[in-house]
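Sequence positions, counted from 1, serve as the residue numbers for this chain. As the structure lists them, so they are numbered: ligands from 1, and atoms in each ligand from 1. The figures that follow rest on heavy atoms only: side chains count, while hydrogens, waters and symmetry mates do not.
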Amino acid sequence: MEKRCVGRFAPTPSGRMHLGNVFAALLSWLSPKSKGGDWILRMEDLDTLRTKAEYSALLRDDLRWLGLHWDAETEPQSARSAVYDRYFAQLREKDLLYPCYCTRSQLHNVNAPHLSDGTYVYAGTCRSLTDKERAAKTRAPSWRVMVPDREFSFFDHVQGLYRENLSTDCGDFVVRRADGVYVYQLAVTVDDGESGVTEVVRGWDLLSSAPRQMYLQELFGFDHPEYAHIPMLMAPEGRRLSKRDQDLDMGALRNRLKPEQLIGVLAHAVGLTETAAPISAEELATVFDWSKIHGKEIVVSELGKLY
Ligand code: GLU
């Protein structure tokens, strides 16, 4: 029997949802709903300085307005550090962790740029420090997990085959920051794994995170989910849409449009429908198919009906 599809939407509540977030929410909802599956909502509020409960409340209200109803909302990440502690301890027991004392400027000077996303490949500077050298350090360390010299590959529903050798393309990566806060890669792996997520749909900018998450899934004993990294929505001047683009946030969009109009425009832009005619999320789920969806960036100024 085929496994029940469980999708999820994992927004960071650091502002009002903008059109790019709506797009990720919609596609992550459509795919499981087209197969009679479940959709889970999770607030990724690890960064407690940027995230606010009022934004989470607005997010839920915006999703309801769009007709994107969730089957469950799991605990927000800010409440789960004791859970993450247990997974961190597993890595420690496997002897896969080491403290890293590198400063930000050392990281940028010593390490080679990462091939795909402009971050760096960690050269392993702190991997082989002796106990004595560690004891002599005065700053609090972050913690890195050692990665294997092995390729991780998967077939993405939108981007096709993606592969990365974690050792040469990424290097040992941080799982807990020096201030004790767990990083996204660890939290997302634990949360998706514990909620039984079978399909991860999110923006293309997170494509290169998938191999790190697949590695952690392996270490924690979770199955790999399927992946779909969807095209980014771009502002006219070629930058990614962000929370700064207030004329395209949900506050402004809800004043101008009905949910079916907004969904119709997005569905057409990504290749799901022949025209941009208004359509509800429910109706769209009946024609949803990953094979119709293209991976090209979408420039919002070309989506005329939004203004
Ligand atoms: N919290 C991330 C964001 O809002 C999404 C992470 C994910 O879907 O894995 O961009």
Next item on the list: Using a 4.5 Å cut-off on heavy atoms from C-beta on, say whether the side chain of R86 contacts that of V190.
Entry: no

Tell me which donor-acceptor pairs under 3.5 Å the side chains of residues 277-292 have, and how far apart each pair is, sequence neighbours excluded?
{"residue": "S280", "atom": "OG", "partner": "E283", "partner atom": "N", "Å": "3.1"}
{"residue": "S280", "atom": "OG", "partner": "E283", "partner atom": "OE1", "Å": "3.4"}
{"residue": "E283", "atom": "OE1", "partner": "S280", "partner atom": "N", "Å": "3.4"}
{"residue": "T286", "atom": "OG1", "partner": "E283", "partner atom": "O", "Å": "2.5"}
{"residue": "D289", "atom": "OD1", "partner": "S291", "partner atom": "N", "Å": "3.1"}
{"residue": "D289", "atom": "OD1", "partner": "S291", "partner atom": "OG", "Å": "3.2"}
{"residue": "D289", "atom": "OD2", "partner": "S291", "partner atom": "OG", "Å": "3.4"}
{"residue": "W290", "atom": "NE1", "partner": "S31", "partner atom": "OG", "Å": "3.2"}
{"residue": "K292", "atom": "NZ", "partner": "V287", "partner atom": "O", "Å": "2.6"}

Checklist line | Distance-only side-chain donor-acceptor flag, H229 / Q159, under 3.5 Å | finding: no

Item checked: L253-L27 co-clustered via ILVMFWY side chain contacts under 4.5 Å -> yes

Margin query: With a 4.0 Å heavy-atom cut-off, what residues sit around ligand 1?
Written below: R8, A10, P11, T12, E44, Y184, V188, R202, L206

Note to self: Is the shortest side-chain heavy-atom distance between Y122 and F173 below 4.5 Å?
What the structure shows: no

Item checked: Validation row: F152, V147 side chains within 4.5 angstrom (heavy atoms) -> no

